[in-house]
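Working notes for the structure below.
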Amino acid sequence: MTRQELPKAYDFKSTEPRIYEMWETGGYFQPHNDPNKPDFDPNVEPFVIAIPPPNVTGELHIGHPMFISVEDLMIRYHRMKGYSTLWIPGTDHAGIATQLMVERDLLRNEEVTREELGREEFVKRTWEWKVKYGGIITNQIRRLGASCDWSRERFTLDPGLSRAVREAFVRLYEKGLIYRGPRLINWSPGLKTAVSDLEVEYSEEEAALYYFKYKLKDSDEFIPVATIRPETILGDTAVAVHPDDERYRKYIGQKVIVPILGREIPVIADDYVSMEFGTGALKITPGHDPNDYAIAQRHNLPILSILDTSAKINENGGPYMGQDRFDARKNMWADMKKAGLVIKTEPYRTTIPRSQRGGEIVEPMISTQWFVTIEPLAKAALEAVRDGRIRIVPERFEKTYFNWLENIKDWCISRQLWWGHRIPVWYCPDGHMTVAREDPTQCATCGSTELRQDEDVLDTWFSSGLWPFSTLGWPDETPDYKYFYPTTYMETGYDILFFWVARMIMMGLEFTGQVPFNTVYLHGLVRDEIGRKISKTTGNVIDPLVLMDEFGTDALRFTMLVGSTPGNDTNVGPKKVEANRNFANKLWNAGRFVINAIDSLDTVNHQPSTDWTLADSWIWAKLQQLIRDVERLFENFQYGEAGRQIYEFIWNDFADWYVEIAKEQLKNEETKAQTAETLARVLDTSLRLLHPFTPFVTEEIWGHLRDALYNTSLKGITEDWPEALIIAKWPEPREPEGWEQAKIEDFTLLQDIVRSIRNLRAEKNVAPSRRIAATIAGGPSLDLLREQSRTMALLAGLNEAETSITESLNEKPKEAAALVVGAVEIYLPLSGMIDLAEERTRLEKDLRDAHSQIERLEKLLSGDFANKAPAALVQKEKDKLEGYRKTAEKIEAQL
RNA sequence: GGCUUCUUAGCUCAGUUGGUUAGAGCAUUCGGCUUACAUCCGAAAGGUCGUGGGUUCGAGUCCCUCAGAAGCCACCA
């Protein structure tokens, strides 16, 4: 495509795939300094991010663009800064989620359950599923422009990573930090597996509190007891009261009769029981309640399980055996009513534990599971953040992190699933355990060759916890591992701080002896346009693919990055994305303008100019300011604010002012070349600054810009430009030079004058096409205004020939509207449009404004401010005061 | 119960070493197809920065109180 044919609107649809292809095949996503290659230089600093691996069979949702945008920005920025950047992509096998998906599919299409299929076949089918759908998510991530090194893509069930998992398990086991045993765990009856504490969500719901009688043995007396789950009465092994409770003290040590079943259980005393709550008597069901479990252990009570793995009542439930837990509740309560044991029920609001996955009510159950003794790991992980080896951004999450780790409980790592890393433990017929890195052929204790591997798989987060180093080759000391580990940033959502981040820190420290990353950056969650949580039931799901189809990837990325601050949730909706699509188009057209300007240059005659116009100097000074601000903001992870400032510079300063002035300067042979040069340089730098935010459109324009320059006398600009923006050098901030501030002030005066003239014209309904005459008294700005008269006339719609600029006027023009900007007086002779009374009113208002400012500033300067504030600041205010005094003076003269 | 965040224009939000006239996008009103862009340009209107107090020469910004909203963690049957 020749540049003359650049379309008027930016065509992201054809551009994005082409650019991504160019990047990927060009090898730009791979670290430029690769430890596996002969020219490797260990002194080049690496910058590494391990991607939070999405579910292998997942599909893009609105959370993905958030983290991809942030991480890609971090990577692109550091790449441009010269780091050897590596962004390791990959996917997670996501045990429960994937297994459920495949199970559902099998049931729907083949009407077969996983049990009918058998373990081996089911796992085989799941692998097939993975192969079939595993590429969807990674391709969608490509579409987002992610510059990750696909040659290093990993999957948590890859052989290498599986080896890492075994290594980790065996090491912990050998260190005595892994144990197996019956404990009270959270059981998901639908999924038929244990889940960890973190995988249980509590929701407040309406329930009922059931009051009933616990009859004393051989007596008509009873102890009233309240419960939310009457069916658990079947598993009661005691009734507890507070030792000081006068009401029940006499019963302590006696026996009560379990309703319906008739079992005798003791009345015990325990401080845990609150005398004020309920009836003051507590039924103890150690098999199905964590607190009761603790009490039972203190009192050596038997532990009775009444539920099977589907949460149906088991043989301990007498007549209710085989009934679902909720049916049993109803039936049992009805039977108790008949037996005269019921006191009352009342509505009660309580928190119900539900499975994070299925949403079903989770049952605390006694079950034999594998656990990690977490305290020593947690201690090290706490220390790493406390002593600053790991920084968490935003900082407030450190408190959350500390809180959780300080109260952490052992981690249940076994799951009764088939899809995942099988626990590397084998049992012989005599019950000996063999824990091994490689599949053993005989029992380590007795040599028996009849080995059966443990049926359970590991919690998905166990393998994710190794991600930053297992992806780099650990446990082997590969070149990648040695150079790229520890990684640099860990970027993810605050919602998985415990699930994932804390565990990576614990496991990283334990297995590698190093922190797995030095900075944790937590982004907020994406919400809908009006701040609601996104969910299928609310029906407010936002499909990022639709947004990209409609507005382009850059627009979506920019929306994610701008308007969000670290750790805070962000509202996203099509309106914002549309606005940012407009920005991409604005940039595109600014680019087109610059390129056309360059194309119109001849090929020889340009010498580097030193005679810059005010506008040239001004835009350059503003650009330098922007570079400094962006650098400062990036250092503080304020990417949103940085993006906003670049946006404002490009649109408000560059496009709205400089480009408008450049149109005039380009018509003039004397300023033509330098203007083209300024346009080119400013655009180039802007594109570099913006590239980490909106990589596609910037790369595309930059390519055209480079080509355009190549054929002109400005070719020299591109001397050290690489072949693609993605690897171009990041603009380095410079110390502000003395002239910058002065030029900015001069130009700002010009802008103020132009704006007030435009304002007046709009008020007076002067047709935009009509050029009007003006008489201007420039005062101390006389020279500046004379020099800029052409620019001023152009921007404000003045007739230059009929505009006179003098230092001061002896008398003001008749029939003219008057404006005062600082010390500059402007008269616009709008004959026939001037209403003298109206003029007077306006001037009086201006005068009042000036006076109120004078008053404010005089008061300010007469107070302690003058003594205590920094001198420069005081001077600034003094100058302002002086300015307002002059303005007031001028206005008074006019009245 | 513990911890955290939020409350700024009609709407959604920025505003991070405290600096004195608080910004953007969208929406609204008025005027424009000005030769990069109508996915645009110019202009306007709109805010006691939740409440009350404190620190300071100076507070949207720091501290405390209260009110409202949200989240995380732990949980008395």
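Heavy atoms only: backbone and side chains are in, while hydrogens, waters and symmetry mates are out. Naming convention: chains lettered A, B, ... in sequence-line order (proteins, then strands); numbering from 1 in each chain.
rA69(B) and rG31(B): their C1' atoms are spaced 42 Å apart (whole Å).
Set against rC72(B), rC3(B), rC37(B), the side chain of K533(A) has rC72(B) as its closest nucleotide. The listed nucleotides are rC41(B), rA43(B), rC75(B); the one nearest the side chain of W651(A) is rC41(B). For K586(A), counting side-chain heavy atoms from C-beta on, the closest listed nucleotide (rA36(B), rU16(B), rA43(B)) is rA36(B). For P768(A), the side-chain atoms get nearest to rG31(B) when compared with the rest of rU16(B), rG31(B), rC73(B). You'll find that the side chain of V659(A) is closest to rA36(B), out of rA77(B), rA36(B), rC30(B).
With sequence neighbours left out, D684(A) forms a salt bridge (Lys or Arg N to Asp or Glu O under 4.0 Å) with R688(A). With sequence neighbours excluded, the residues that form a salt bridge (Lys or Arg N to Asp or Glu O under 4.0 Å) with K667(A) are E664(A). In terms of the side-chain hydrogen bond (donor to acceptor under 3.5 Å, both in side chains) criterion, T887(A) has no residue partners (sequence neighbours excluded). Not counting sequence neighbours, the partners of N799(A) by the side-chain hydrogen bond (donor to acceptor under 3.5 Å, both in side chains) test are E802(A). Residues that satisfy the salt bridge (Lys or Arg N to Asp or Glu O under 4.0 Å) test with D245(A), not counting sequence neighbours, are R247(A). Considering only residues two or more places apart in sequence or on other chains, E550(A) meets the side-chain hydrogen bond (donor to acceptor under 3.5 Å, both in side chains) condition with none of them. E276(A) meets the side-chain contact (heavy atoms from CB on, under 4.5 Å) test with S274(A); sequence neighbours excluded. Checked against ring-ring contact (aromatic ring centres under 6.0 Å, His included), Y214(A) has the following partners two or more places apart in sequence or in another chain: F212(A). Residues meeting the side-chain hydrogen bond (donor to acceptor under 3.5 Å, both in side chains) test with Q638(A), sequence neighbours left out: none.
In this structure, the ring of F696(A) has its center no less than 6.0 angstrom from the ring center of F12(A).
Remark: RNA chain B takes part in the stems B:1-7 with B:67-73, B:10-13 with B:23-26, B:28-32 with B:40-44, B:52-54 with B:62-64, each of 3 or more antiparallel Watson-Crick or G-U pairs, criterion distances under 3.5 Å.
For the pair K672(A) (side chain) and S600(A) (backbone), a donor-acceptor distance under 3.5 Å is present.
Side chain T400(A) to base rC72(B): no donor-acceptor pair is found below 3.5 Å.
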When you compare the protein's N or O atoms with those of nucleotides 57-63 of chain B, which come within less than 3.5 Å of each other, and at what distance?
residue: rC57(B); atom: OP1; partner: K868(A); partner atom: NZ; Å: 2.5

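Residue E276(A) is out of contact with every strand shown, counting any heavy-atom pair closer than 4.0 Å.
Using a 4.0 Å cutoff on non-hydrogen atoms, the parts of residues 569-578 of chain A near RNA chain B are N571(A), K575(A), K576(A), ordered by number.
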